[in-house]
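All chains are named by letter (A, B, ...) in the order of the sequence lines, taking the proteins before the strands, and each is independently numbered beginning at 1. In this text, all values refer to a predicted model and were calculated from it rather than measured experimentally.
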Number of protein chains: 2
Amino acid sequence: MAEIVTRKEVAELAGVSEATVSRVFNDVGPMKEQTRQRVLQAAKTLNYHPNAIAQSFARRRSGNLGVVLPYVPKVHIFSTYYFSEVLSGIGEQVKASGNDMLLKFRVPGEESDYSSIFRSQKVDACVILGATDTPSERAELKKLEDGGFPFCLINQHMSGERFNEVDADHEGGSYRAVRHLLDLGYRDIAFLSGSPEYSNSGDRLRGYMQAMREAGLLPADAKTPGDLPAHLYYEGNYSRTSGIKAASAMHPHLNRIEAVFASNDRMAIGLMQGLREYGHVPGRDYAIVGYDDSEAARVTDPPLTSVAVPFYEMGRLAAERVLRRAGGGNETGGASEGFRLKLDTKLVVRQSCRILR
Amino acid sequence: MAEIVTRKEVAELAGVSEATVSRVFNDVGPMKEQTRQRVLQAAKTLNYHPNAIAQSFARRRSGNLGVVLPYVPKVHIFSTYYFSEVLSGIGEQVKASGNDMLLKFRVPGEESDYSSIFRSQKVDACVILGATDTPSERAELKKLEDGGFPFCLINQHMSGERFNEVDADHEGGSYRAVRHLLDLGYRDIAFLSGSPEYSNSGDRLRGYMQAMREAGLLPADAKTPGDLPAHLYYEGNYSRTSGIKAASAMHPHLNRIEAVFASNDRMAIGLMQGLREYGHVPGRDYAIVGYDDSEAARVTDPPLTSVAVPFYEMGRLAAERVLRRAGGGNETGGASEGFRLKLDTKLVVRQSCRILR
DNA sequence: TGAGATAATGAACGCGCGTACATTTTATAT
DNA sequence: ATATAAAATGTACGCGCGTTCATTATCTCA
């Protein structure tokens, strides 16, 4: 291992004090140009690089943005479009702001993991992906909030709390998706939901129901899945496999279903695969709309109409805002405001809804 | 922000010295059980968590595994199957070994980035993804090697160097893929290459050519793309778009092409899309084999025969080995051996090669 | 009961850096 | 030329922890 060069040796070689070396590297205070050059030259000669850990220690600031991901063994989390895009967005912002990103896997049901992430001081701020709206997680997050740790939820909304959030308008996106189907003349529109513990699953449901109510296809007071005709409501967990499973449940009712709105593309794809096994061809026997506008939506047959969500931008924004809250270092009390952003979603029309019989 | 509780306060409350608190938390030395309990109790009362940065500083060990990713603005790197899987594998191992993973984006053509990653001491070891086999990168990596920094390349082989590597048998995988096509009776088999600066692109080419030579379809001394009939060789950059572009180039020659071996699934998918525009249907007008066995291969029409690569396991192994090299702390000179692993690949047969005319 | 061994704990230092404060050098104004 | 201000640099300390070495409490065996 290469020997560690410290500030001291640079100072000696340059004939200045350690403080001066430090000043040069941090661009602090007035400084004679000649001195600066001498120090830089010495540093170069010795191949000096400030020790980041020591800097973090002295500054009491790690320079790391924590990214919390749900950890489920054997589920390859990065492979899902949503996580991939969000991470890419975070990565861009982190790089731009000179920070690093520290990935943390959180085993969902596990103890007080969140606050220990902060208490260990290894991150200055935190972005949380895949939080679920369960009592225990709410409680944990509330502890974080009370502790004053800067964190931000992505793609999650906890109603009633004042957590920082960057979310997307899933309700509106779903509403428009279903409206699109309604405008095309479909009436019997089924809904394939994702795991209900994510707030955005509920958002999608609400958007669907609102559109259906407005079209007079549901009673004006219909609110929950229970208020839906059973043959129109299905539940998966956002995996392709769960879409295939839903196909088995849906297939007997397909004579009473004209169209399906699926809560993400993967389930939509699984559903299409599954229904094909029963001889039902998407775009011919039924219309279908997916959600996420992942790359996969472009390559199915027929190409899948889907709702685009700016995941990348959401990641970028979340990182930017939460780092600003953490790093501003405005010890002036409140510092920057909390934030709750909700970005727009957009329907991308392809061929999966044109029934050509 | 919550006040920071330090060892000192715990020591005071427990009525012991700071050293004792430290010993309890590090499980060092003999220790009266009663004292240990008193310390733990005090720590709990005060909600003490050791400061990870200070620990890193004192131990001169960050506890971070660096993961270097190529940074290309606007290319959402995580979205590619290969990166996703490798990262998941690394994530598992890192979690299991009590480390964290620090993501570092590297702008490809940029200066001496690699060694600064280590010199800053923010990581103890490093796993490098997407390294290219160019003179400048070779030189940089060699510097790392000389510096004695523990690092490991994934899915990359630099012939002539003794870098740590975890690679897959792409040559064998490609060979078997092409053999599969040959066994089905195809003779005119085109090859769609990825970006040539990755070593594994060359591996795939070699596997392809070997199979073709053995079948007597190429001269025994055929080595480079230049030795191939022009209508059989195409080059993309692993993106779907480049597959679509390849389709334009390939389409005029499709009367002389029976099958295609594409260097990854995304390009295969793009190619299929593109050729469809010209009326050529995969599995009917031509056979096709992809590479990676990504999830996408399962949902194309027809499902894509592809070569499975154990990316997840590669990530896991690389992390394990490189952390062992770094962390063993065996100051006993050489410590653990270098490693160069090559994992097996496997052909997964689906329907894209059955031509049913 | 006492001496030596061992267990248990405390005192003190340094890791490499940022920075407040003290000091010296240089510029500016009279 | 001197007084004063500003610029430039040095000195010294602490961040929270791991760890070595010194010290004290406890045990063992005669």
Distance from L13(B) atom CG to K44(B) atom NZ, nearest 0.5 Å?
14.0 Å
Separation of dC15(D) P from I4(B) CD1 (nearest whole Å)
10 Å
If I take atom CG in residue D27(B) and atom P in nucleotide dC17(D), what distance separates them, rounded to the nearest angstrom?
17 Å
Parallel, tilted or perpendicular, as decided by the 30° and 60° cut-offs, for the rings of F25(A) and Y48(A):
perpendicular
With a 4.0 Å cut-off on N to O distance, would you call R316(A) and E313(A) a salt bridge?
yes
Quickly work out the E12(A) CD to dG10(D) C1' distance and round it to whole Å.
15 Å
For I53(A) and dC17(D), give me the distance from atom CD1 to atom C1', rounded to whole Å.
13 Å
In whole angstroms, how far is the C1' atom of dG16(D) from the OH atom of Y48(B)?
7 Å
Ignoring backbone atoms, test whether R7(B) places a side-chain nitrogen or oxygen under 4.0 Å from the OP1 or OP2 oxygen of dG16(D).
no
What's the NZ-C1' distance between K122(B) and dG16(C), to the nearest Å?
15 Å
Checking T132(A) against E137(A): is there a side-chain donor and acceptor pair closer than 3.5 Å?
yes
Rounded to whole Å, please give me the gap between CD in E18(A) and C1' in dC13(D).
12 Å
Going by 5.5 Å between centroids and 30° between planes, is there a stack of F57(B) over dC15(C)?
yes
Identify whether any heavy atom of V28(A) sits under 4.0 Å from a base atom; if not, whether one sits that close to sugar-phosphate; answer base, sugar-phosphate or nothing.
nothing
Ignoring hydrogens and geometry beyond distance, is a side-chain donor-acceptor pair present between Q37(B) and E33(B) at under 3.5 Å?
yes
Within the 6.0 Å centroid threshold, strictly below: F151(B) and F163(B):
yes
Angle between the end axes of the helix from dT1(C)-dA30(D) to dA29(C)-dT2(D), five pairs per end, to the nearest 10 degrees?
30°
Would you say dG10(C) has OP1 or OP2 under 4.0 Å from some side-chain N or O of T20(B)?
yes
Without hydrogens or angle criteria, can the side chains of H49(B) and N51(B) be said to hold a donor-acceptor pair below 3.5 Å?
no
side-chain N/O Q55(A) vs dG18(C) OP1/OP2, d < 4.0 Å:
yes
Pick the closest DNA chain C nucleotide for T6(A) and for R23(B) by heavy atoms, then say which residue is nearer the 5' end.
R23(B)
Separation of F25(B) atom CZ from dC17(D) atom P, in whole Å?
9 Å
Under 4.0 Å between a side-chain N/O of T35(A) and OP1 or OP2 of dT9(D), yes or no?
yes
Considering only dG10(D), dC15(D), dA12(C), which nucleotide approaches the side chain of A19(B) most closely?
dA12(C)
Closest to the 5' end of DNA chain C, once N26(A) and M31(B) are matched to their nearest nucleotides, is M31(B)
Of the candidates dG16(C), dT9(C), dG16(D), the side chain of K32(B) sits closest to dT9(C)
Determine whether a donor-acceptor pair (one donor, one acceptor, N or O, separation below 3.5 Å) exists between the side chain of R60(A) and the base of dG14(D).
no
Using OP1 and OP2 only, check whether a side-chain N or O of S22(A) sits under 4.0 Å from dG18(C).
yes
Assess, by modelled atom type and distance only, whether the side chains of D133(B) and S199(B) contain a donor and an acceptor separated by less than 3.5 Å.
no
